[in-house]
Amino acid sequence: MSTTTAEAPKKNRTVLDQHGQSYELTGRIGEGGQGIVCTTNYPNVLVKVARATTEEKRASWTNKIRALMRQPLEGLPIAHPLALITQPQPGYVMELMDGLAPMTELMQVATDSLMSDDGLSGYVKTGGLLRRLKMLARLARVLAQLHGRGLAYGDLSPANVFASQSLEYAEVWLIDADNVASQSRDGQQGVFTPDYGAPEILRGETGINTLTDSWSFAVMAYRILTLVHPLKGDVVLEGAPEREEAALRGELPWVDHPVDRSNALSIGLPREITLNAPLRALFERCFNAGLNSPGERPSLSEWADAFEAATGHCDQCESCGSTFFYTPKQTCPFCDHAQDKSRTILLQEYRYMPPDLLREGLTEDVPESLIRKECWTRTGKALVLSVSPAELKTLPLGTSLYADASPLCTVQLAKDGLWIEPSAGARISLQRASDDKVVAVARRQRLKSESRSGVSFWLHLGAVEEEHVVWRFNW
Amino acid sequence: MGFAKYQEDIVSRYVGDFAMRPTQSPVSPPKAPTPNTKNQSDQRTKKMSSLKKFAVATPRPLPVIVLADASGSMGENGKIEALNAAMKDMVSTFAKESRLRAEIQVGLITFGGKAQMHLPLAAAHSVAGFAELKAEGVTPMGAAFDLARQLLEDKDRIPSRAYRPVLILLSDGQPTDDWEVPFKALCDSERAQKATRLAMAIGPDADEAMLRDFANDAEAPIFKAHNARDIHRFFRAVTMSVTTRTASQNPDLSTTFVVPPPDDDALDLDFQ
């Protein structure tokens, strides 16, 4: 008998793929019920080895991966199988960039910090509210695209979502594509991660589908932003584990239920400061109506729109560095600091329809005053401009085609004024509300800081005689 | 101010340069539009708290209690050394686990000469280390069962919100004290009945019948260790079965407690 610990260093294990390529396994980055994900001697190449114990299970797992390799995952940031590992255990090879960490890490840092004396510093130093919103917007968009291809992700949890460790980036990558399935395979797979599985999966009623993805995404988003679980109110947290199981099966109301406060929660980051009204409305739909009626849950593209729009509503505190949702009061809700109001301006989007176009098809008796009023439509979209420049496009942030929309101009708030730079070919003009004067902005120009006096301005992004987008702000 | 700079300022043009007005003007915008406060909460200022007032949920404890034989016979063939190393590996793996859902706690009761709480139940990530076990004396398993039952029933040490505990019993010999009554009392206690109970028989002299009675997972019969390496394999499997409780779960793949066969253990990876 001998002990393993006293043995000379062993060699790392080597595995072979279907093309005969060998990989040396050099470290372990993740481990779950289905297998273990290892780094290899090649940069950015990972290998997942299955945890199948019988010949039959190995064969079925291999078939599943083979099927997955035929799914249309190209172009999405999802680490998917590139080659099958055949020796000595089934597995697959995938690519993933370096310098990424699972989102559990960011949640743990923020939670540990609040449990210690460091308070919110962990939340802020992992990117604060704005970076979280950006990552969730990105994740929702990726999942919406996956759903658009007729596929469901399956086992969504913060352990499967990787984000850059650098705070400058808010990109996300999904790993563990094993469970990606076409929706027609409903009921086949009941895979889930505790706390993130949809109630109907826990009750054994269905397998994974886009609606269970929507649930898992919402739980993840809520936890990342507020650091608490939407189904674990005070009675659940203090109660026996059986009560937690019941709550996760959908037997108790959610913590922010508007009427039924039986599972209310007294802790966590206040939802009033971590969620804006559109996000709160989506969470309410998902966790209240959608708790036991999956069809009521918001789709991932609704989530993506709301999160993208929310990323345009943040300001950054000059004092504590937190990012927070802009309010007219301009006070940082994380530290009570009153912001210098000149640092930020709020832009609101309108659509302008020229009266000549509106008049088309109307009878003569429509009064001119009504037509002139109807020229302007407020879209409800807003943008908070503070330190970083913003690109104004034909569509506002929070619309699925924003990424592909053509830019019309860039606005930047600097110390010396508000700079407006038209994009090539765009026809931009600025109108002053006090006297209706209009000037064309043909090149990079500014409104001087000295001339700031709270007057309304209208930035027209388009030819005045055509329908176009207008952004209103006070200067 | 140079001319170019003067030209840059749009406002100054309003003042001095009427010639630049375009020929066609848009209709006057609506006057005094209401500010967009719709998306914002107005109660936030009332609820605003200083940073320190925010609290988060403490994770639910998941107690893992090991009852380990440290009698004289464990000193043979490197068994106690293997046990020490395997325990240490397990605790350090637990310490690295996410604590967002559960906080894995470890307690170690030993019986060698006398039964004692070798490592009081504590969060794995706060365990700095523990004194190595030394194999000596007789096998007072009955007294160890009493200690385990007292620990399980103590609501201060294991609050009612804790996840159901994992109890692990390992031994290489026969009990030397009066064990039947404490054994029955432990097995019949409410919490021990809910607990996951796993057992390992080390070597040919272990009391397999008793260990079999202790283990309560129908699909996981007691594990028989023939050498020190088997002790490691058992603890790896225990570690896995505890950590996967909070990881991804798939009913298609068995998550029952299975110690993988040694020759086929591709997941048993040691990285250099």
Side-chain angles (χ1 to χ4, degrees), chain A residues 1 3-5 9-10 12-13 26-27 32-34 36 49 51 53 88-89 104 107-108 111 114 119-120 155 190-195 227-228 237 240-241 267 269-270 272-273 276-277 327-328 333 348 352 355 372 375-376 382 430 433 436-440 445-448 451 458 464-465, chain B residues 8-11 13-14 20-22 24-30 33 35-37 39-41 43-45 47-48 51-52 54-57 60 77-78 81-82 85 98-101 160-161 163-164 227-229 232 244 246-253 255 258 260 266-267 269-272:
Chain A
M1 216 188 248
T3 66
T4 49
T5 46
K10 290 197 309 182
N12 280 337
R13 212 169 267 272
T26 54
Q34 303 181 80
I36 151 171
V49 195
R51 190 188 297 291
T53 43
Q89 280 268 96
T104 41
M107 294 163 75
Q108 188 81 60
T111 306
L114 276 175
L120 268 172
D155 185 16
V191 60
F192 68 96
T193 297
D195 282 357
L227 304 178
V228 286
L237 292 174
I267 56 169
L269 300 188
E272 294 79 11
I273 65 175
N276 63 8
T327 63
Q348 294 174 76
Y352 177 75
R372 295 183 81 81
C375 288
W376 298 88
L430 190 63
D436 277 352
K437 275 178 192 161
V438 178
V439 286
Q445 288 179 312
R446 71 172 165 145
L447 283 166
K448 275 187 188 172
S451 60
W458 302 79
V464 164
E465 62 278 11
Chain B
E8 276 169 3
D9 190 341
I10 300 164
V11 164
R13 289 200 204 168
Y14 286 118
M20 293 196 63
R21 286 188 62 173
Q24 192 180 3
S25 293
V27 170
S28 300
N36 181 20
T37 50
N39 290 356
Q40 317 295 342
S41 158
Q43 15 163 330
R44 79 180 54 182
T45 39
K47 288 220 170 186
M48 202 149 49
L51 305 188
K52 279 167 195 148
F54 299 131
V56 281
R60 215 175 266 273
N77 298 324
E81 289 83 359
S98 160
R99 276 165 283 117
L100 294 169
R101 175 180 166 88
S160 56
R161 64 191 290 267
Y163 286 115
R164 60 190 172 81
N227 55 40
R229 179 145 184 85
H232 272 273
T244 51
T246 55
S248 173
Q249 309 200 338
N250 189 344
D252 294 353
L253 293 171
T255 49
V258 179
L267 296 173
L269 301 160
D270 288 314
F271 297 106
Q272 306 314 318

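Quick caveat, the model's predicted, so the values are computed rather than measured. Chain naming here is simple, since letters A, B, ... match the order of the sequence lines and numbering starts at 1 in each.
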For the student: nearest non-hydrogen atoms of R60(B) and P241(A), plus distance:
NH1-N, 3.5 Å
Nearest heavy-atom contact between L100(B) and M107(A) is CD1-CB, 3.7 Å
List in chain and number order the residues that pass salt bridge (charged side-chain N to carboxylate O under 4.0 Å, His left out) with R99(B), two or more places apart in sequence or in another chain; answer none if no residue qualifies.
D112(A)
Non-hydrogen atoms of A57(B) and I267(A) that approach each other most closely:
N-CD1, 3.2 Å
Would you name the heavy atoms of F54(B) and L114(A) that are closest together and state the gap between them?
O-CD2, 3.8 Å
